[in-house]
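Heavy atoms only: backbone and side chains are in, while hydrogens, waters and symmetry mates are out.
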Amino acid sequence: MRRTPHLALLGVGVTGALLISAAPVSAQPPSTTSPAPGIVVSDGMTQPVFSLADAIEERVYVETPLDTDHDGRPDRVAIDISRPRETATDGFKVPVIFEHSPYRKGTWGSVPYPSVLVDELPQSQVTHPSDRRSAEVTVQRAVAKANLPGQLDDYYVPRGYAVVLGQSVGTGDSDGCPTSGDQAETLGTKAVIDWLNGRAKGYDENGAPVSADWSTGAVGMTGVSYNGTLPNQVATTGVSGLKTIVPVAAISSWYDYYRANGLVVAPGGYQGEDADILAQYTAGRARAEGQCADEIAELTTGQDRVTGDYTRFWQDRDYLDARKVKASVFVVHGLNDWNVRTEQFAGWWDELTRRDVPRKIWLHQGGHSGPGNTAAVTLPDGRTWTYKQTENRWFDYWLWNVRNGIMDEPTAVLQREDRGYTTYRNWPDPASRTVPLALGATDAAGPGTLGTGRPPKATVEQSFVDEGRTLSPNTLVAAPDEANPHRLVYRSPELAREVRVSGRPEMRLRMAIDNRSAANLTAYLVDYGPVGSTGTPTVVTRGWMDPQNRVSAARTQPLKQGKLHDLRWTLQPKDYVFPAGHRIGVVVFATDQAHTLLPLGGTELRVAPKHSELRLPVVGGRSVLGF
């Protein structure tokens with residue numbers, strides 16, 4: 001295995017710029033007549049000193065240990081490389097920034113989605129195949145447009161990096177069939193890092209062997225969405241040479257992407273999508289309906305849209321185990337991402353913390369995207385860095401060994417509701433404390449209360465009827481002062497001071513289904529503004545569960561109609577400030593038109609508020625609430 005080159009300082013200018021060569025330890029000092037090429041570092045960052053116009057570009061096909069299409073030949077994955085011309089000079093080697101993707105080319109733009117309209121929920125064990133299969137909806141899936149060809153290389157090749165853009169196994173110009181996040185896809189990506197370190201075979205378009213003799217072997221991975229998920233996957237293998245990853249809006253558990261506590265739950269904006277639909281999209285129609293039809297059929301069976309349980313299928317697509325992770329991790333995510341929801345970064349962050357992996361986190365107020373290159377934060381020492389500069393410095397530290405102090409800076413960067421950025425020692429805030437808020441109600445359907453004490457003695461049971469198929473969540477959250485037969489709402493008194501929530505809210509509900517054996521269950525945490533406010537309520541976060549999975553996401557247990565059961569589930573993690581004078585609210589209903597399957601209405605649900613509570617992670621604890 002190739003050793004990482006020694007970095008020798010050649011000179012320091014009056015501006016603080018460093019010229020660094022990448023000569024191996026045993027190499028002779030460069031002659032004065034023909035100096036070795038090197039990177040230039042200023043203010044802790046590599047500078048654009050290499051010509052992009054003169055960059056070397058090449059296509060390589062890397063051999064993997066896979067045969068996902070069962071044709072008897074190892075699958076090869078296609079990668080495109082851009083590197084400084086100077087890497088053709090003997091002795092100058094560069095690290096690699098690597099983005100792998102299933103979206104490079106040839107996707108199926110109009111995959112037929114299964115209908116989410118059902119007579120009854122499939123876990124009720126009374127299904128109606130004619131309804132479930134009759135309506136196919138053609139959906140155009142949007143692809144994240146960050147980090148496409150021409151962006152990573154434009155920025156990093158002039159700074160002394162090679163950029164590698166790969167195509168996932170079973171997609172684009174690569175061989176094989178897509179497998180939607182399992183170990184095969186992981187190993188197909190890992191093979192590229194192995195090739196960059198001399199451990200795997202690569203070939204040019206004519207079949208001639210190609211080596212990465214220009215590479216130091218140090219690799220950093222990045223990408224948005226699925227492109228950011230692949231770095232998470234590969235990092236869990238502990239592959240040698242992967243020094244760091246920057247996953248942006250990335251998945252850490254495919255179960256939590258397509259399911260929630262036993263419920264079939266769609267990513268925001270893609271009702272009906274599932275692992276098999278995504279595989280068809282990335283494969284392209286010809287491959288999906290041709291050589292990979294059998295493999296995709298196996299995905300359809302394995303994903304189990306009936307029970308929604310966590311099974312071996314989903315375990316194989318779960319990366320929440322960092323025991324082997326050797327790479328540092330810079331997590332980037334939007335706090336309002338309802339495609340790749342916030343549990344995806346929070347669960348991964350928890351595991352990285354548990355394993356003491358070197359890490360940093362940047363959270364912004366956007367949705368399914370990065371924060372934008374010009375987003376800027378001012379550190380406690382007064383220095384201001386944009387997001388792109390932070391990313392640049394992160395890669396420089398971990399791939400070029402530039403000692404720029406980035407690991408001594410605050411761990412968490414977070415954009416607040418006013419769109420300004422601030423820093424924190426960690427996330428969730430270490431001062432966050434779980435505060436139970438009791439539910440209270442004196443009317444069978446009217447608005448209820450949230451309080452830190454005991455619920456009112458006159459608290460009664462409450463009921464509502466599921467009509468979420470025809471009523472949007474916005475309708476169910478609105479008008480909190482009025483009784484609504486299709487939801488229950490509970491609100492706190494006005495807040496005496498601002499209250500920051502940092503972490504995972506949890507819903508604990510004693511509930512019964514009175515006329516059916518299954519139901520969707522949804523809770524929204526809401527900022528209702530001050531008393532008398534006529535503005536639109538702000539949905540802070542959401543969470544869902546299947547009451548049949550009240551014991552475990554992996555175990556479906558039938559419910560007895562009319563019997564009260566104790567249910568617990570977490571809402572999506574959040575960092576949010578409720579302003580002084582506002583009221584904290586929680587809305588409980590059944591079907592979520594934007595995320596769950598949509599059964600016919602009429603399911604009757606009953607709640608015992610006296611034995612229910614909302615648990616909030618409040619920075620500063622109970623005393624901050626003031627009620």
Side-chain angles (χ1 to χ4, degrees), residues 121 123-124 260-263 265 308 434-468 476-477 480 483-492 504-526 541-572 584-592 596 599 602-617 622:
L121 291 173
Q123 64 267 39
S124 68
N261 303 299
L263 272 190
V265 174
T434 298
V435 179
L437 297 180
L439 275 58
T442 57
D443 182 273
T449 60
L450 284 176
T452 55
R454 294 182 178 181
K457 291 183 178 180
T459 291
V460 297
E461 290 187 355
Q462 294 189 294
S463 300
F464 64 98
V465 178
D466 180 20
E467 290 295 343
L476 295 171
V477 165
N484 186 318
H486 307 301
R487 64 99 204 272
L488 300 175
V489 60
Y490 306 90
R491 288 173 300 169
S492 74
R504 293 175 180 83
E506 181 186 35
M507 195 74 226
R508 297 188 176 188
L509 205 64
R510 181 167 291 183
M511 191 215 71
I513 305 173
D514 284 338
N515 65 336
R516 290 178 182 169
S517 59
N520 295 319
L521 195 55
T522 301
Y524 276 24
L525 180 66
V526 181
T541 188
R542 314 164 184 175
W544 311 268
M545 98 164 289
D546 180 353
Q548 291 192 352
N549 288 86
R550 59 196 176 278
V551 175
S552 166
R555 183 182 177 189
T556 291
Q557 287 186 314
L559 289 166
K560 183 177 180 180
Q561 289 185 19
K563 181 180 178 180
L564 290 166
H565 294 275
D566 289 314
L567 310 176
R568 296 183 182 184
W569 73 102
T570 56
L571 281 60
Q572 293 297 308
I584 299 171
V586 64
V587 181
V588 176
F589 55 102
T591 293
D592 185 336
T596 67
T603 301
E604 299 171 3
L605 300 99
R606 181 163 43 91
V607 171
K610 189 175 182 179
H611 303 284
S612 304
E613 64 184 20
L614 170 69
R615 298 172 69 85
L616 287 183
R622 177 175 175 172

Enter the distance from [X]:[atom1] to [Y]:[atom2] here, rounded to the nearest 0.5 Å.
| X | Y | atom1 | atom2 | value |
| --- | --- | --- | --- | --- |
| Arg615 | Thr434 | CZ | OG1 | 6.0 Å |
| His565 | Arg568 | NE2 | CZ | 15.5 Å |
| Leu439 | Ser612 | CG | OG | 5.5 Å |
| Leu605 | Phe464 | CG | CZ | 4.0 Å |
| Leu437 | Arg622 | CG | CZ | 9.0 Å |

Closest non-hydrogen atom pair, [X] against [Y]:
| X | Y | result |
| --- | --- | --- |
| Leu567 | Met511 | CD1-CE, 3.9 Å |
| Gly543 | Leu571 | N-CG, 3.7 Å |
| Gly446 | Ala483 | CA-CB, 4.0 Å |
| Pro455 | Gly440 | CB-CA, 4.1 Å |
| Ala512 | Lys563 | CB-O, 3.2 Å |
| Ala441 | Pro609 | CB-CG, 4.2 Å |

For residues [X] and [Y], determine if any side-chain heavy atom of one lies less than 4.5 Å from a side-chain heavy atom of the other.
| X | Y | answer |
| --- | --- | --- |
| Pro480 | Arg491 | yes |
| Val586 | Leu450 | yes |
| Leu616 | Ile584 | yes |
| Thr596 | Leu121 | no |
| Leu614 | Met507 | yes |
| Val460 | Asp443 | no |
| Leu263 | Leu521 | no |
| Arg510 | Leu564 | yes |

Quiz item: Which is it for Thr603 and Ile513 under the side-chain contact (heavy atoms from CB on, under 4.5 Å) test, yes or no, and what are the steps along the way?
Solution: CA-CA 7 Å; Thr603 301; Ile513 305 173; 3.9 Å; yes
When you measure from the side chain of [X] to the backbone of [Y], do you find a donor-acceptor pair of N or O atoms at a distance under 3.5 Å?
| X | Y | result |
| --- | --- | --- |
| Thr442 | Ala458 | no |
| Thr541 | Gln572 | yes |
| Arg487 | Leu476 | yes |
| Arg555 | Ser552 | no |

Self-check item: Residues Glu506, Arg504: salt bridge by 4.0 Å N-O rule
Solution: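 The answer is no: the pair does not qualify as a salt bridge.
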Quiz item: Does the side chain of Gln123 pick up a donor-acceptor pair with the side chain of Asp546 at under 3.5 Å?
Solution: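 Indeed, the side chains of Gln123 and Asp546 share at least one donor-acceptor pair under 3.5 Å.
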Quiz item: So, Asn261 versus Trp544: side-chain donor-acceptor pair below 3.5 Å or not?
Solution: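 Side-chain D/A pair, Asn261 to Trp544: absent.
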Quiz item: Which residue pairs satisfy the side-chain hydrogen bond (donor to acceptor under 3.5 Å, both in side chains) criterion with at least one member in residues 449-468, sequence neighbours excluded?
Solution: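 Passing the test, one end in residues 449-468: Glu461-Arg606, Gln462-Tyr490, Asp466-Thr591.
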Practice problem: Could you walk me through whether Asn549 and Trp569 pass the side-chain contact (heavy atoms from CB on, under 4.5 Å) test, one step at a time? | Solution: CA-CA 10 Å; Asn549 288 86; Trp569 73 102; over 6 Å; no
Quiz prompt | Candidate pair Ser517 and Leu559, rule side-chain contact (heavy atoms from CB on, under 4.5 Å), full reasoning | solution = CA-CA 6 Å; Ser517 59; Leu559 289 166; 5.8 Å; no
Quiz item: Going through the checks in order, is the side-chain contact (heavy atoms from CB on, under 4.5 Å) test met by Arg542 and Tyr524?
Solution: CA-CA 4 Å; Arg542 314 164 184 175; Tyr524 276 24; 3.4 Å; yes
